[in-house]
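In what follows, a structure is listed as structure tokens, so that the remarks can point back to it.
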Amino acid sequence: MKVSVVVFPGSNCDSDCFNVMKDVMKCDTQFVWHKDHDLKKPDLVILPGGFSYGDYLRCGAIARFSPVMREVVQFANNGGTVIGICNGFQILLEAGLLPGAMLANRSLKFICKHVWLRTENTKSKFTNRLKPAQVLNIPIAHGEGNYTADPDTIKRLRDENRIVFRYSSESGEIADKFNPNGAVENIAGILNEKGNVLGMMPHPERASEDILGSHDGRGIWESLLESAGK
Amino acid sequence: MSVTMTEEKTRKEPAVIPELLKAHGITPEEYDRIKKILGREPNFTEVGIFSVMWSEHCSYKNSKALLKTFPKEGKAVMVKAGEENAGCVDIGDNYAVVFKMESHNHPSAIEPFQGAATGLGGILRDIFTMGARPIFNLDIGIPTVGGEIYFDSSYEGNPLVNVMSVGLLKHEELAKGAAKGLGNPVYYVGADTGRDGLGGAAFASKELTEESHEDRPAVQVGDPFKEKLLLEACLEVIKSGAVVGIQDMGAAGLTCSTCETASRAGTGIKIDLNKLPQRETGMIPYEMMLSESQERMLIIAQKGKEKIVEDIFEKWDLHAVKLGEVTDGHLMRVYQGDKLIAEIPAKALADEGPIYIREEKEPAYLKETRAFNINSIPDLSSLQGRKGARFTNLAPNTTVTCNDVLLQLLDVPSIASKAWIYEQYDHMVRTDTVFLPGRHDAAVVRIKGTKRALAAASDCNGLYCYLDPYEGAKIAVAESARNVVCAGGEPLGITDCLNFGNPMKPEVYWTFHQAISGISDACRALGVPVTGGNVSFYNESPAGAIYPTPTIGVVGILEDVSMATPSNFQKEGDVIYLLGETFNELGGSQYLLEIHAKRAGITPRLDLKKEVALQKALLKANKERVMSSAHDLSDGGLAVAAAEACLGEPGKFIGAEISSLGVIREKDVRIDAALFGECQSRVLVSLSKENAPKFEKILAEFSVPFTQVGTVGGNRLQIADKINVAVMDIEKAYRNAIPRRMEKVIA
Amino acid sequence: MKTFNAKVNVTLKKSVLDPQGQTVLEALHSLGYKGTENLRVGKYFEVTLNAQDENSAKTQLKEMCEKLLVNTVIEQYEVHLS
């Protein structure tokens, strides 16, 4: 699988994603600079976390207009596989590749800690190696991860099985007290209509090696390898 | 531009009169010296330049004489303290680390958020200016992996913010801050210059008074995004080989960076202020030279490689403006077009500032605190729950038990879990953080591409230093090193941040001197050099001086990351050892402060020979991978250490049954001293039964006193018939202490 | 070309929960301003732009808002031109 990790000037999880894909998952991995127009023909594009252009206006608002994002939108519209993690998710929302928007965490604080996620859809190309309702231990690190959308959109996401991860307890119980940021329906990750674009707030790249305390994030990379067939 | 010119004409520079010199903190003797150096009277801009370069913050004039006594040599030391922006130590595999601690106390007292943020920005620039990528820290893509938070009313109105950053680099990437090579271009890179932070360095050397809140402009506003761009661009340009020297514009911005780089290289330097990127109009040379705008660096490039430098900065959307060049001779010359604005020998500014040895006097309060008699403390059995006092949750007339004391101590913010704080920082970015913050004795960060890892810890007990600055400083060094050793690291070097009051007060200078001696003695005994640091004086508010607070940071190396040892109990059935000896020591303890409201007594004594033996034994035990966990005993003594060792991740815990109080070295040791006393050089270790003989052999080899005190298991913590608490209650007290208080403040 | 000064106010739509506004409101209540009924936190932009005429300026500002300044999924805006 050939992977392109997009680098915005304020990306800070770019090298983490790069290391996991290259050294842990042994994929052919490369960086793509935000001013570039060539995605380098990947099977997977990763929009990593960080604060793309400082994010002083809104997270991801300016990144959306970068040259590379034009390519990413086209790539996604042609069915290419894209995962946006944390700030990458925010950029996908701003770019209109995924529905909804992010508000400040309800605590109004930046939160960095390990959380539990229940897998809600195991049919997607991002989750086919996970078991139904499998609970993953993956960290979050964000100040604006409070996902929101109008009720119709939420209903559609639910009906079309596009909510992929929800914040839960260790045993998989979904309740408000396990919701770290106030996201609607404990939503941690969603798919686009065609199922080729995933946005998620938690960082699977930080949970892909035992030495870092969890390897649960690997399930996502393994699913992608499986669906890429290489 | 036309606007700039007219405004400039209307702004007349003040005459150099005694009032002006006084306002700049220049003494008549210093002024005579300036005139001698220049062979004439200085102009207004030059007065400004001298005042910042000869301020305490830049010149260390009141501390230099004593700082010289620190041990700076070590076999792994590549750059010694004082030679560059930060010290540099070899860690093997062609890697080296650069680390430094710095204060940003005064700006943080005035405007806590920006003050602390720019403090962080400054220390980061000190690290990446050496070519190292910061690997521990905050918000701009560098994890904040550890920290020490100490609460005490002595810091009210003058909080201390000490920031430590550790950077990693390959040997060939080490960059120096010297302006070498005649004709080499001098570049200004990064953000534009504004009037912010004007005189910040002079400001940092002034006691905080009620009026300081009017001084707001002296606090700079940081832009973390620009800082990140600057970091990436600087690391890239250093790797490109086009850079001869590089220096951060921190305190005294342009002034400091130009004269220091020239002074280090023994060259001259000239710059043209007309080329300076400016954010505000109408700035005069004085303001340009003294501005402390953030996110700026000075780069001395190799002649002929200008294009490489300019291209890299353009890639990161940052300015790279040629401001001047390296010149023959030894003068720093500042021009505005053709007009010479200032001309001063660079060395006179950077290295030949005045050095003072101040008058010393032992503070009077010590007589009283030392006279405190431990026997005047009532037995626990005589304490009762009562309204308005401690133990408010106890019913009146109920006798206080050791269990109550333990839970009360775990609720003390200085002891309790700091998760509320570190969960607000990204401590995992870069995917190297092996030991998350707050859970273990030291932070452990792996080095990708090698088997190695770094361990780092920081410490200072301000109350100890108040009661005995020598012993307190010694303990701060020993404890941070012990923390690193417990986590599996071998200490490589220390950095210090010495926070004190006004050094002109003989009592303050005495405590400063004592603390320096304590640090020196501990470092020599432990064989760990001081590789850099920072002094912050004038930490006073109307209520008086803060506790003397020499904060110590230690960085250590683990040859193999798998050697990292956690501080919490790991396995049911493991045996528990208490290493070290217990005396009748309660002076300066959290127990005395929190339970009996006394800031008094003689602090625990630290025997450096015993400390060295203990650390050597732990290092060996760790190399042979004998231990399951190791946790040092500090605030709150044995009971608190054992309670902490029971806690893992939130909601995950294990109990312990401890039947012995360890090696007791004095007759009639009080039970509160045995449980809550803070005797030094003690560590609680757990290991599997099979490893016990091997472990005991190592301890015997280094003559470390020890007792096998108990076993890991169950869901209660029991200590010698005195303490018996459900670990769940321990966790609740420990984790809720800070959130409970902070939420109250916010609501 | 004429120079126009515009003030743009951006607030969260009424239907969107405003966690910042909620917190500030609670703080005001605890300071004793019990009569404070509702509070929304927003953003404010001051824009100076050159345009042919007022209409063109308005069109440009509308575009700016919908492209960049405002996330119309959750935010609404008002433009005041002078």
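Per chain, numbering begins at 1; letters A, B, ... match sequence-line order.
With a 4.5 Å cut-off on non-hydrogen atoms, N19(A) touches chain B through its side chain but not through its backbone. Within the 4.5 angstrom heavy-atom criterion, only side-chain atoms of K448(B), from C-beta onward, approach chain A. At a 4.5 Å heavy-atom cutoff, E232(B) makes no contact with chain A through either its backbone or its side chain. Residue contact with chain B, scored on non-hydrogen atoms closer than 4.5 Å, is absent for S107(A).
Ranked by heavy-atom pairs under 4.5 Å with chain B, the first of G50(A), G10(A), G143(A), A141(A) is G10(A). For the options E209(A), E205(A), H142(A), H203(A), heavy-atom pairs under 4.5 Å to chain B are most numerous at E209(A).
For the pair S52(A) and I62(A), the minimum side-chain heavy-atom distance is 4.5 Å or more. Residues M297(B) and L230(B) form a side-chain contact, since some pair of their non-hydrogen atoms from C-beta on lies under 4.5 Å apart. When side chains are defined from C-beta on, E644(B) does not count as touching L647(B), because their heavy atoms never get closer than 4.5 Å.
Applying the side-chain hydrogen bond (donor to acceptor under 3.5 Å, both in side chains) criterion to T565(B), with sequence neighbours excluded, gives N622(B). Applying the side-chain hydrogen bond (donor to acceptor under 3.5 Å, both in side chains) test to N105(A) and every residue at least two apart in sequence or in another chain returns nothing.
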